[in-house]
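First the structure, in the form of structure tokens, and then the observations on it.
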Amino acid sequence: IPPPLNPGVFNFRAYSARRGIHHQVFLRTAAEWRIAESSRNGIYARAQSWRQAWFKTFQDHLTGDELAVAAALVIGQRDLITEEVKSAYTDTGAVHVLAVSGLHVGIIFMILTFFLERVLRLDRTKSGRIAVILISVICIWAFALISGLSASVQRAAIMFSLLAVGRIAFRKIHVFNTLSVAALGMLIYQPSQLFHVGFQLSFMAIIGIVAFTNYLNRLVYLPGLVTRKAWSAVAASTGAQLGTLPLSLLSFKQFPAYFMISGTLVIVFAFATMFLGLLHGFTAGVLKVSVLADGTGWLLSFVVELQNALIFFFRKLPGALIELRSFNGPSSLMLALSIGGLGAFFRWRKRS
């Protein structure tokens with residue numbers, strides 16, 4: 001790969017080298033292409049076949065932008081998303097939901113533990129608790145493989161696996177310890193991930209959630225379980241936004257003004273979409289009951305359509321996007337130090 005011809009432009013050679021790519025080959029004519037038989041044996045090939053089967057269940061009941069967003073949110077297949085939809089999610093600060101990340105793995109983990117512990121009540125005995133953890137870990141890593149095994153999914157899968165092991169041993173898990181183990185494991189496997197913006201943003205989001213969510217939760221007390229859960233979602237969304245703010249402003253030069261509302265709503269809709277996506281995949285792909293599949297498919301399409309409508313509504317509000325073209329490295333560093341100091345004060349303010 002040749003170096004850039006002009007100074008100060010994007011260095012594709014360095015970008016590719018960080019991903020272990022050093023050469024490129026061009027095929028000039030159609031005669032130079034040959035389709036080889038795809039492998040049906042390896043774990044990645046098996047995961048890809050499951051992903052295609054899951055996507056086929058969506059195709060039978062969803063179309064257009066609803067199909068594109070549902071496929072991206074549930075199984076990480078983003079190639080159907082149009083530029084208009086992607087731009088709308090980006091301008092409202094909700095584009096992270098279109099990339100399968102720790103949020104989606106967390107939702108999967110919550111649904112699994114609720115079903116295994118509250119519905120089947122498998123956690124009543126020691127062997128049952130071990131079964132719950134093993135099933136949860138296996139399902140999480142299967143979902144991670146199906147969704148493409150991105151950096152954020154790897155991090156979340158490692159963290160939830162450690163959390164699950166801690167629950168077997170009745171040991172308290174410290175989030176910064178699990179975060180560090182996840183980061184070290186991923187970097188040992190692929191050191192170049194340190195320079196990926198997705199890798200950096202995923203860890204900064206967790207740090208922001210840990211630093212600010214508890215304080216923001218205690219800051220406002222609302223009556224009723226539903227309102228308290230809604231405020232907890234606002235607090236978590238705000239913490240994630242604060243954690244990623246310096247890096248996102250440096251990378252994208254823009255700030256969504258209504259992120260607290262749009263980010264909270266998109267988390268609620270992501271939970272509903274993930275649950276319906278799993279339910280629909282099970283009814284249409286495993287049970288193969290057409291009546292149930294029609295119902296779950298309609299519900300999934302309705303929820304995704306409503307989510308898209310809300311995103312476009314927030315995009316059209318006045319002042320929805322603030323652009324900061326002159327935001328540079330020193331500005332990002334100063335902002336990161338300020339937010340870090342604020343988070344440290346909130347977390348350890350009771351210590352002299």
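Both backbone and side-chain heavy atoms feed into the values below; hydrogens, waters and symmetry mates do not.
- Distance OH/Y221 to OG1/T227: 8.0 Å, rounded to 0.5 Å.
- T57 contributes a side-chain N or O that, together with a main-chain N or O of W54, makes up a donor-acceptor pair within less than 3.5 Å.
- Between atom CG of residue L333 and atom CG of residue N328 there is a gap of 10.5 Å, rounded to the nearest 0.5 Å.
- Residues passing the salt bridge (Lys or Arg N to Asp or Glu O under 4.0 Å) test with D60, sequence neighbours excluded: K56.
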- Steps toward side chain to side chain contact (heavy atoms under 4.5 Å, CB included) verdict (F275, T296): CA-CA 10 Å; F275 176 77; T296 55; over 6 Å; no
Validation: residues 238-246 side-chain donor-acceptor distances under 3.5 Å, sequence neighbours left out:
unit_1	atom_1	unit_2	atom_2	d
T238	OG1	V234	O	2.7
T244	OG1	A240	O	3.0
T244	OG1	Q241	O	3.4

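- Alongside L292, the hydrophobic cluster contains F282, V286, L287, V289 (criterion: ILVMFWY side chains under 4.5 Å).
- Residue pairs meeting the salt bridge (charged side-chain N to carboxylate O under 4.0 Å, His left out) criterion with at least one partner in residues 265-293, sequence neighbours excluded, are absent.
- Connection of V119 to L116 is established within a shared hydrophobic cluster, with ILVMFWY side chains joined at heavy-atom distances below 4.5 Å, either directly or through further cluster members.
- Looking at every heavy atom in both residues, I188 comes nearest to P191 through O-CD, 4.2 Å.
- Taking CZ of R118 as the reference point, atom OG1 of T113 lies at 8.5 Å (rounded to 0.5 Å).
- Identified under the ring pair (Phe, Tyr, Trp, His ring centres under 6.0 Å) test for residues 305-331, with sequence neighbours left out: none.
- Residue L67 comes nearest to Q59 through the heavy atom pair CD1-N, 3.9 Å, listed as atom of the first residue, atom of the second, then distance.
- L278 and I111 get closest at one heavy-atom pair: CD1-CD1, 4.0 Å.
- Contact detail for H104 and L73: the closest heavy-atom pair is CD2-O, 3.0 Å.
- S251 places no side-chain N or O within donor-acceptor distance of the main-chain N or O of S248, the cut-off being under 3.5 Å.
- Rounded to the nearest 0.5 angstrom, I146 CD1 and Q77 CD are separated by 12.0 Å.
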Distance-only donor-acceptor pairs under 3.5 Å for side chains of residues 134-144, two or more places apart:
unit_1	atom_1	unit_2	atom_2	d
S136	OG	V132	O	2.7
W141	NE1	S161	OG	2.9

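- No side-chain heavy atom of V181 sits under 4.5 Å from any side-chain heavy atom of L184.
- Residue pairs meeting the side-chain hydrogen bond (donor to acceptor under 3.5 Å, both in side chains) criterion with at least one member in residues 206-220, sequence neighbours excluded, are N217-S232.
- M186 is listed as a side-chain neighbour of I158, based on a closest heavy-atom distance under 4.5 Å.
- Grouping Ile, Leu, Val, Met, Phe, Trp and Tyr by side-chain contacts under 4.5 Å, direct or through others, leaves V268 on its own.
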Please tabulate, for the side chains in residues 297-308, all donor-acceptor contacts under 3.5 angstrom to protein atoms that are two or more places apart in sequence or on a different chain.
unit_1	atom_1	unit_2	atom_2	d
Q307	NE2	Y89	OH	2.8
N308	OD1	Y89	OH	2.6

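- Looking only at distances, no side-chain donor or acceptor of S16 sits under 3.5 Å from a matching main-chain atom of R13.
- Expressed to the nearest 0.5 Å, how far CG of L265 lies from OG1 of T92 amounts to 10.5 Å.
- Note on residues 306-327: pairs passing salt bridge (charged side-chain N to carboxylate O under 4.0 Å, His left out), not counting sequence neighbours, are D91-R315, E323-R325.
- Atom OG1 of residue T90 and atom CD1 of residue I311 lie 10.0 Å apart, to the nearest 0.5 angstrom.
- Taking 4.5 Å as the limit, every side-chain heavy atom of L321 sits out of range of all side-chain heavy atoms of F255.
- Counting only distance, with no hydrogens or angles, the side chain of R51 and the backbone of I75 share a donor-acceptor pair below 3.5 Å.
- Within the structure, salt bridge (charged side-chain N to carboxylate O under 4.0 Å, His left out) pairs that include any residue of residues 63-83 do not occur (at least two apart or interchain).
- A donor-acceptor contact closer than 3.5 angstrom is absent between the side chains of S180 and N177.
- Hydrophobic clustering, with ILVMFWY side chains joined whenever heavy atoms are under 4.5 angstrom apart, keeps I209 apart from I108.
- Taking each heavy atom of F212 and I339 in turn, the nearest pair found is CZ-O, 3.5 Å.
- Checked by atom type and distance alone, the side chain of S262 pairs as donor or acceptor with a backbone atom of Y258 at under 3.5 Å.
- The shortest side-chain heavy-atom distance between Q254 and L324 does not fall under the 4.5 Å cut-off.
- In terms of hydrophobic clustering, with Ile, Leu, Val, Met, Phe, Trp and Tyr side chains grouped at heavy-atom distances under 4.5 Å, L337 and F203 are assigned to different clusters.
- Members clustered with V9: none, using a 4.5 Å side-chain heavy-atom cutoff among hydrophobic residues.
- The two atoms that bring I1 and F12 nearest to each other are CG2-CD2, 3.7 Å, heavy atoms only.
- Clustering ILVMFWY residues whenever any of their side-chain heavy atoms sit less than 4.5 angstrom apart, transitively, puts L342 in the very cluster that holds V220.
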